[in-house]
Every structure is written in structure tokens, then in C-alpha cells.
Amino acid sequence: MTQDVSSAPYVQVRDLKRVFDVSKPWLNRVIESAPKQYLKAVDGVSFDIRKGETFALVGESGSGKSTVARMVVGLLPPSGGTVSIDGVSMTDPAAAQERQRLRRRIQMIFQDPYASLNPRWRVGRIIAEPIRAFDLIQGDREIEGRVGELLSLVGLHPDDGKKFPHEFSGGQRQRIAIARALASNAEFIVCDEPTSALDVSVQAQILNLMRDLQQKFGLTYLFISHNLAVVRHMATRIGVMYLGRLVEVSEGKQLFTAPRHPYTKMLLDAVPDLAMVGKPREGVKGEIPNPISPPSGCTFHPRCPLVFDRCRVENPPAIDGVACHAVNRGREAA
Amino acid sequence: MTQPVISVNELTVEFVTRRGTLRALDKVSFDVARGEVLGVVGESGAGKSVTGSAIIGLIDPPGRIAGGQVLLSGERVDNLPPDAMRKIRGKRIGMIFQDPLTSLNPLYRVGEQLIETIQTHTDLNAADARKRAIALLDEVGIPAPERRIDGYPHEFSGGMRQRVVIALALCAEPEFIIADEPTTALDVSVQAQIIALIKRLCQERGTSVMLVTHDMGVIAETADRVAVMYAGRVAEIGPVRDVVKQPLHPYAVGLMGAIPSIEGDAERLVQIPGSMPRLSNIPKGCAFNPRCSKAFDRCFVERPELIDVGGRQVACHLYDQSKAPNGQNPTDKAEIAA
């Protein structure tokens, strides 16, 4: 099948899977005659990201959103499925050389700005690392100039490059991490909970900065968060994950005005919001089951208000962005 | 007017360090009425948790209460000797901590911990204490409590553990519970359940709660009144509806605007420039003056006290009718909020 290159999505994720071996050590298995145990962290996730948009993944802890992010940038090899960015496969060993050239254009921003910056390096060296690694600019003076430019871009002073990370607050460190991501002229930035370690007023500064930079450089973001309000503010399109599966993909605002999957509805009902002062809300039932032994069929069925026989047996396919038998049946009847 | 359960008067907490004395709380005053939920919000370092620890007498050296009073039902508790305080702690003031895994002992069964606490504070014998423990677990919504009571903390999920911690806090039927970030470590769907639980218990038992959190959404849904803290001081305190919908203090205005909402349609979030000052370097006058767009000369000299403005209290010179700056109309709230 041939595809028109220009209309092809920038990032294409197809049937991505990741299984972790969580078995006990060999000796324990032999003594207790216990079988090997596997955890399906990500189970058949497919989505596209268009150039210049922000695609967000939301879900509760253990839903596999961070694992997807790590596989997309290539920090974690997938157990199955494919990822391709700008037409270059991230998973095919034959494309290794092409992939090497692609690396410069993909960067990641991590959750904890206290752990993602080397405490023994000066900020200038941290930001210059991608420039030196990809050999983008020659000459120390030129590199220093570029680092100063990047620091001003994220709202810091060029002289801050001489300081160490511990001299900065959490929000400023996250700015440094953003400057480092931009140092190699990246086009695609994967942000794994970039603001969840920050206070709300600082979070607002970082989110505004990320939007400004996106407009300025036409960046594409894969934005991972558990905070639905933040996601609503940032995302063009949103994917909702539950137990390693993508249950709904929807245009940004539409997810909040017309959620379709029962899990999305439940999640939206659960979010405490300023607009909810004094209003009663519907109760939320149950918790995420243990991913080592997920429920059969649709993994959401034990908590689902719309459950029927088929849900307990058969994993629902994603049709028109929703993976739910009840929603699909409703559509067939209509 | 009935007596408040907790009354905090000009409470000041200081930490003596090698680099000088840091004032973590600076003349904090508020009351909590019976059956009321008081929310305390602010960013990290604002002094929310220190307030809770000071009330329950858990400030560790080098920290100390340097001034002010804490009254529990009219009785002074901040200057009690450690033994007397220990009898109050747990019995009359309960505490729920942020991380339910570290606040339970992993080596003891959940039931043992509950029964121990019940027997410390009441005269019940072992069998009755166990019955009471099961009833408590049932009350906080743990399914099959007669079986789960013999489980270890690691056998419970995060949400269930937090329910156990709440049951522990309820053991002696305290008048006042301090909940320090009770839902921060939990997922949203579980968080909603815990909030509903705390609310229900307050209504049923008439317990007062001080809910410390940085999540305005949680406060908006749970609290009756809210105190906004900044750099160890109370910036604004009042009914939750007023403070959330129409905050007065410039910091509160910025804080509310900075929070992305799932209903709002703001293209850009309100941005408060800069960050909270370090405790060693709190500006003279109003602590918020370097970040405040409305600051005028008086703000840099004189510290604003809490003043009454239409049913709530605000610590801001803008609302002091007598000495408002020239050319600014302090009664025009819309202009200040804009």
C-alpha cells in the first residue's frame, strides 16, 4: 500500500505492546513451583500525532502512559508493534542509520526536574550537551552564545549558565530542562508529566511557556499527564488510557463536552474543580485492578455501569476513537 | 456565638538555624467552628503543614513556637508539657498524613494498629476494641472488614490504606482532625472517594477538619471556609465560594487564575511573575510586594494586617479604606480583580 507522504501523520504508533517480566527469582519459582508472571504495561496502543499539534495521554497511575512515552522516544524497546516518526521507523533495525539522524529532532522533558539535571554540571554545560553531542555548532564561544540565547528564550538570564542546578527552584529547573530540549532544534518533544512536581502558579508559567514555544517553533508535543484540567488546557487531541489500553481518542474540547467511553465519564466526574463549589457529585466506584491479572474481556468491565455479557469475554476494538461494546452497540441500534 | 473548636491566635513558629532565625509562621490567626471544614491552601513553603504540626504540638527542634496561642475548645494547648499533649494528640485532635504507606507500620496487622490506638484512648477490653475497629473499618468503606482487619498494610491499595489511616484518626472520636494533603498521593478517581468520605464523616459526627492541600479543586469541593497562605502568613480567609469565585487579595486572584479548569476556556493562564520568597529573605512590608502588580509605596514599608471586607478577612493595603493610595478606589473590587 502506498501512502501520500505529505498527508501522513508525523508520529504513527501502531499496536504498541510492552510486557514486563515480573516473575519471582528462578530459585523461588522452582521451590514454590510458581509460574512466570508477566505484566502487560501497554497492550495494543495505536494513535497518530499530526505535525504541530499537542497529543495528550491521560490516565491514572499504572495505566501505561509513561511506558508509551518511553517507547515512542526509544528509551524502551517495545515488545511488539511499531512506532514511526516522520516516516522513519523507530523499531525496525534496518532503519538504524536513518534513525540516528532523526534522534536530534526528538527530545524529552521529564517529570522531576530535581532528578533530570546532573547536579555536578553547570547549567551551561547541561544545555550545551545536545549541541556538542550532535556537533551542531563549532567553537566554544559560539556554543556559549547559543546557550545564552536558549536561556533567554525560556525566561532565564544568560548568566545563569554559570550556576549549578541546585541554585534554581523547581520551576526554573524545568525551564532549564526545556532549554536543553530545544538546544538541538528539536521538532518533537515528549513531555512526561512536566508540571506535576510544580506549584500551581509555577505550573501556569511553565504551561504558558510551552505554548509560546510551540507557536514560535511549530513544535509537536506528546504530553503525558494525569491532570485532566492541565490536559484540557494544552491538548489538541487527547487519548485516555486505562490498564495499558487506549479506551478513547478524541478532539481536545470534545472529550470534556461529550465524553463517550464510560471510563472517561467516570474520570471527568471525579476531578475536583473550582467550578464545583458546593455541588454534589456522583460517586466513583472501585479502583484500578491489579495489572498482573487484569479482568477478562474489556478491562474496565468490573467498574463499568454499562456492562453486559459481551464485555466480560471480548476485548472491544477501537471504533471511531472509542473502545467500548456498549457505545458501539448503541451506535448500531441508532 | 458558640465557641470555636480550634482557635489560633497570632501563632508564630521559628526555626533557629546557623544562618539565622527563619520565621515559618508569622502571626497566623484563624478559628474553626464545630463541624466546619477549613481548607488551607498555598504553594510549597507557605507554612500550611507547619500550621498543622504546630496545632498538634509536633514541631521538632530546632523549630519552636515563638509566640501566640492555640486554644482547643477554649483551653490553651500550645504550652502544655509533652505528656499532657500526648494525651490530647490522637484523642482530641486526630491527624491524617499525606502518605498512607509511611503512616502505617508495615510490620503490624491493620487490626493490631487500630486496636492499640483504641485501647490507648478508651477503656474498652480487647474483644470490644476489636469490634469497634471492625465497625470503624466498615464506616470508612472497607469491604469485608471482619476479614480485612487481619491484613497487613501492604495488602491494601493506596486508597484503602488512606481509609485505614482515616479510621485510625477516628478511633478516639476526636473533636478536630488535621488532614495534611490526604489525597495528594492518590489517583483522581480514588481521591474523589476519599473527599466524599471526609465530608460525610464531618456531617455525621460533627467533627471539625483542617484540610491542608495545594489542590484548590479539592478545597472548592470539600471546605466551608478557606484560608490562603503566603510566606507564613494568612493572605485571605473567608467562605469558600467567595474566595474561589471572587478572590480579593492579589495573590489569591493570581492563584485562582493560574489553575487550569476543566470547564474554563482561558487561552492563557494567569501568570504570577517570580516565585515565593525564601524564608530567610522575606521582603519588608507585605511579603507579596515583589510579585504584586498593584503594589504601592505603603506595601514596601508596612505589613498589612487582616482586615474585614464583606464577610471575609484580607491582608492587603488595597482594601484599607482609611489609607488607600491616591487615585485608586479600593471599593472597586472588579478593577482590582482584573
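Small disclaimer: the values here were computed from a predicted structure and weren't measured. Reminder, nothing fancy here: chain letters follow the sequence lines and each chain counts from 1.
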Legend entry - Name of the residue among A:Glu193, A:Lys65, A:Met234 meeting side-chain contact (heavy atoms from CB on, under 4.5 Å) with A:Ser225: A:Glu193
Legend entry - Criterion side-chain contact (heavy atoms from CB on, under 4.5 Å) against A:Tyr221, the qualifying member of A:Leu213, A:Ile109, A:Val190: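 Among the candidates, only A:Leu213 passes.
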Between [X] and chain A, with a heavy-atom cut-off of 4.5 Å, which part of the residue counts as in contact: side chain, backbone, both or neither?
| X | result |
| --- | --- |
| B:Arg278 | neither |
| B:Met160 | both |
| B:Pro273 | backbone |

Inset, instruction - Sequence neighbours left out, what passes salt bridge (charged side-chain N to carboxylate O under 4.0 Å, His left out) with B:Arg233? Give chain and number order. - result: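 Here the qualifying residues are B:Asp26.
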Legend entry - Selection from B:Pro260, B:Ser157, B:Ala258 maximising heavy-atom pairs under 4.5 Å formed with chain A: B:Pro260
Legend entry - Part of residues 198-208 of chain A lying next to chain B, heavy-atom separation under 4.5 Å: A:Asp199, A:Val200, A:Ser201, A:Val202, A:Gln203, A:Ala204, A:Gln205, A:Leu207, A:Asn208
Inset, instruction - Decide whether A:Tyr263 and A:Arg245 meet the rule of one side-chain donor and one side-chain acceptor closer than 3.5 Å. - result: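 There is no such pair (donor and acceptor under 3.5 Å, judged by atom type) between the side chains of A:Tyr263 and A:Arg245.
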Using modelled atom types and a 3.5 Å cut-off, is there a donor and acceptor pairing between side-chain atoms of [X] and backbone atoms of [Y]?
| X | Y | answer |
| --- | --- | --- |
| B:Glu236 | B:Leu248 | yes |
| A:Gln174 | A:Pro194 | yes |
| B:Lys199 | B:Glu221 | yes |

Inset, instruction - Can you tell which part of A:Asp212 gets under 4.5 Å to a heavy atom of chain B, answering side chain, backbone, both or neither? - result: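 Contact with chain B: side chain only.
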Inset, instruction - Cation-pi check, B:Arg291 to B:Tyr251: give yes when NZ or CZ is under 6.0 Å from the six-membered ring centre and within 45° of the ring axis, no otherwise. - result: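 No, cation not above the ring by the 6.0 Å, 45° rule.
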